[in-house]
Amino acid sequence: MAEMNFGGVVENVVTNKEFTLEKAREVLKNETIAVIGYGIQGPGQAGNLRDNGFNVIVGQREGKTYNKAVEDGWVPGKTLFPIEEAVKKGTIICMLLSDAGQIALWPKIKPLLVPGKTLYYSHGFAINWADRTGVVPPKDIDVIMVAPKGSGTSLRTMFLEGRGLNCSYAVYQDATGKAEEKTVAFGIGIGAGYMFKTTFQREATSDLTGERGSLMGAIEGLLEAQYETLRAHGHSPSEAFNETVEELTQSLGPLFAEKGMDWMYANCSTTAQRGALDWRPRFKAAIKPVMEWLYLSVENGTEAQISIDKNSQPDYREKLNEELKEMHDMEMWRAAETVRQLRPENN
């Protein structure tokens, strides 16, 4: 491990310099990694592990997703199996199904988790809210987690570009005494950038807070509010979209991603600096109470229960598609299509 200073707080992190890919291969050389679910995280993790030389199989029920696995080179009967067969064949069982899918299949999977197997997650949801999900692992197996801080698509894309996506990792249950080494090796295997240690509880609460907050829910709400305000005051769709989204994603975002928000502030106009510095605390004062409310709702299990209830309904997919279509049809995101077409790289 390496000690790193994060804004004055020293943390231990793991990179492939301290824990090499060769060492990871040695740690997991006798393991058969069964990736269960080929949806969001499955393709990225399974593909990276396979390319890095690990023994990987995929468990997926037949259908559109199964066909995608075949297209990606997984061979039925050799490296692609029905879910329960893959669980039987695997020694590290990677639960990469949706949270609702994990809950639904748990009664069939749990009896197959015999001593010697390892149960792996990339999200702490099912374990952390076990009182609501019913997912209680046997006591005689290791239960571990590596949680990429991004989508499975990003994990795969960055891997193919020779980069790594940062990940957290945790051990919930160490039955063998080797769970942590196994976890770190797995993280190196999927192509982690650097890894920081957490717990299933901290990962689950931070993840749900982030998704509902600055990563997705809050940012979309902020964009909608600004776009609609500009439009209501007579600005054109093109002007409103450029000032709300395009400049953020295409110009400013890359700058503060690379060098920090303070650097970006220092390298914009004095008028922008003054306004941003004056309005930052006003937005923080307005948003902080909502964030505290959100965190409490996550921490006490309310958000988990909402997800369980909504996502287990038989018409969940139809209702989800209706909500997504409503967002898709908004003027702001229709304007986005035209703006993207007009970007220099598309002309």
Side-chain angles (χ1 to χ4, degrees), residues 6-7 9 11 37 39-41 94-107 109-110 119-139 141-151 166-174 179 183 195-225 281 283-317 319-320 322-324 327:
F6 292 86
V9 178
E11 290 186 41
I40 305 301
Q41 281 288 336
C94 306
M95 292 291 282
L96 299 183
L97 297 158
S98 68
D99 294 324
Q102 291 181 31
I103 295 168
L105 280 174
W106 181 245
I109 289 176
K110 184 175 181 178
L119 185 59
Y120 166 93
Y121 289 91
S122 283
H123 184 26
F125 187 103
I127 297 292
N128 186 59
W129 288 292
D131 58 327
R132 299 168 186 268
T133 65
V135 176
V136 180
K139 294 292 185 183
I141 65 169
D142 290 344
V143 182
I144 65 175
M145 175 174 63
V146 178
K149 299 298 104 182
S151 69
N166 297 335
C167 301
S168 61
Y169 73 96
V171 173
Y172 179 76
Q173 196 165 274
D174 185 1
T183 308
M195 289 183 283
F196 58 96
K197 195 169 185 178
T198 187
T199 66
F200 273 62
Q201 188 274 337
R202 292 205 303 269
E203 190 282 332
T205 51
S206 63
D207 190 78
L208 265 68
T209 299
E211 291 166 346
R212 286 151 179 75
S214 66
L215 301 180
M216 294 175 69
I219 190 65
E220 173 64 14
L222 172 63
L223 297 178
E224 289 179 22
F283 277 107
K284 181 178 178 180
I287 294 168
K288 185 72 181 292
V290 180
M291 281 293 181
E292 291 287 355
W293 176 16
L294 165 58
Y295 190 86
L296 178 61
S297 186
V298 171
E299 189 177 44
N300 66 22
T302 299
E303 295 300 311
Q305 193 61 54
I306 291 170
S307 294
I308 292 167
D309 292 344
K310 293 282 188 181
N311 298 349
S312 60
Q313 292 174 2
D315 60 349
Y316 160 71
R317 182 58 59 181
K319 289 181 177 177
L320 171 65
E322 288 175 8
E323 291 182 271
L324 293 178
M327 183 184 292

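Scope of the values below: all heavy atoms of this structure, side chains included, with no hydrogens, waters or symmetry mates. Computed from a predicted structure; not experimentally measured.
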Quiz prompt | Closest contact, heavy atoms only, Val135 versus Pro137 | solution = O-CD, 3.8 Å

Quiz prompt | Atom pair CG/CD1 of Leu223 and Ile219 - distance to nearest 0.5 Å | solution = 4.5 Å

Quiz item: Has the side chain of Gln173 got a donor or acceptor atom that lies under 3.5 Å from a matching backbone atom of Pro138?
Solution: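 Yes; at least one donor-acceptor contact below 3.5 Å.
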
Practice problem: Please identify each residue that fulfils side-chain hydrogen bond (donor to acceptor under 3.5 Å, both in side chains) with Thr199, with sequence neighbours left out. | Solution: none

Quiz item: Would you find a donor on one side and an acceptor on the other, under 3.5 Å apart, between the side chain of Ser122 and the backbone of Val146?
Solution: yes

Quiz item: Considering residues at least two apart in sequence or located in another chain, which fulfil the side-chain contact (heavy atoms from CB on, under 4.5 Å) criterion with Ile103?
Solution: Thr133, Ile308

Self-check item: Nearest atoms (heavy-atom pairs only) where Glu11 meets Phe196
Solution: OE1-CB, 4.2 Å

Exercise. Quick one: list whatever passes side-chain contact (heavy atoms from CB on, under 4.5 Å) with Leu296, sequence neighbours left out.
Key: Glu299, Asn300

Quiz prompt | Of all pairs that satisfy salt bridge (charged side-chain N to carboxylate O under 4.0 Å, His left out), the ones with a partner from residues 200-219, not counting sequence neighbours | solution =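 For residues 200-219: Lys149-Glu203, Arg212-Glu303.
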
Quiz item: Between atom CG of Leu119 and atom CD1 of Ile109, what is the distance when rounded to the nearest 0.5 Å?
Solution: 8.5 Å

Quiz item: Considering residues at least two apart in sequence or located in another chain, which fulfil the side-chain hydrogen bond (donor to acceptor under 3.5 Å, both in side chains) criterion with Asn128?
Solution: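 For Asn128 there are no side-chain hydrogen bond (donor to acceptor under 3.5 Å, both in side chains) partners, ignoring immediate neighbours.
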
Quiz prompt | Test applied, side chain to side chain contact (heavy atoms under 4.5 Å, CB included); reference residue, Thr183; option that passes from Val171, Asp142, Val143 | solution =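 Going through the options one by one, the only one that passes is Val171.
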
Quiz item: Between CG of Asn311 and CD1 of Ile306, what distance do you get to the nearest 0.5 Å?
Solution: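 So the gap between those two atoms works out to 10.5 Å.
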
Quiz item: Sequence neighbours excluded, which residues qualify as ring-ring contact (aromatic ring centres under 6.0 Å, His included) partners of Tyr169?
Solution: none

Practice problem: Using a 4.5 Å cut-off on heavy atoms from C-beta on, say whether the side chain of His123 contacts that of Gln41. | Solution: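 No; the side chains remain at least 4.5 Å from each other.
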
Self-check item: Contacts of Tyr120 that satisfy ring-ring contact (aromatic ring centres under 6.0 Å, His included) - sequence neighbours left out
Solution: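 By the ring-ring contact (aromatic ring centres under 6.0 Å, His included) rule, Tyr120 matches Phe186.
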
Self-check item: By side-chain contact (heavy atoms from CB on, under 4.5 Å) - contacts of Ser98 (at least two apart)
Solution: Ala100

Self-check item: Exercise: identify the closest heavy-atom pair between Ala204 and Trp129
Solution: CB-CZ3, 3.6 Å

Quiz item: If you measure from OH on Tyr121 to CD on Gln102, what distance do you get to the nearest 0.5 Å?
Solution: 5.5 Å

Self-check item: side-chain contact (heavy atoms from CB on, under 4.5 Å) involving Asp315 - partner list, sequence neighbours excluded
Solution: Gln313, Glu318, Lys319

Quiz prompt | Point-to-point distance, once rounded to the nearest 0.5 Å, from OG of Ser168 to NZ of Lys197 | solution =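 Rounded to the nearest 0.5 Å, the OG-NZ separation comes out at 12.5 Å.
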
Exercise. Kindly give the heavy-atom pair with the smallest separation between Gly37 and Leu96, and that separation in Å.
Key: O-CB, 4.1 Å

Self-check item: Sequence neighbours excluded, every pair satisfying ring-ring contact (aromatic ring centres under 6.0 Å, His included) that has a member inside residues 197-221
Solution: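 Counting only pairs at least two positions apart or across chains, the ring-ring contact (aromatic ring centres under 6.0 Å, His included) contacts touching residues 197-221 are Tyr172-Phe200.
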
Exercise. Could you list the residues that satisfy side-chain hydrogen bond (donor to acceptor under 3.5 Å, both in side chains) with Asp309, not counting sequence neighbours?
Key: Gln305

Practice problem: Might you point out which heavy atoms bring Pro289 and Ala286 nearest each other, and give the distance in Å? | Solution: CD-O, 3.6 Å

Self-check item: From NZ (Lys288) to CD (Glu292), nearest 0.5 Å
Solution: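 Nearest 0.5 Å value for the NZ-CD distance: 5.0 Å.
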
Exercise. Can you see which heavy atom on Gly124 is nearest to which on Met145, and at what distance?
Key: N-SD, 3.6 Å

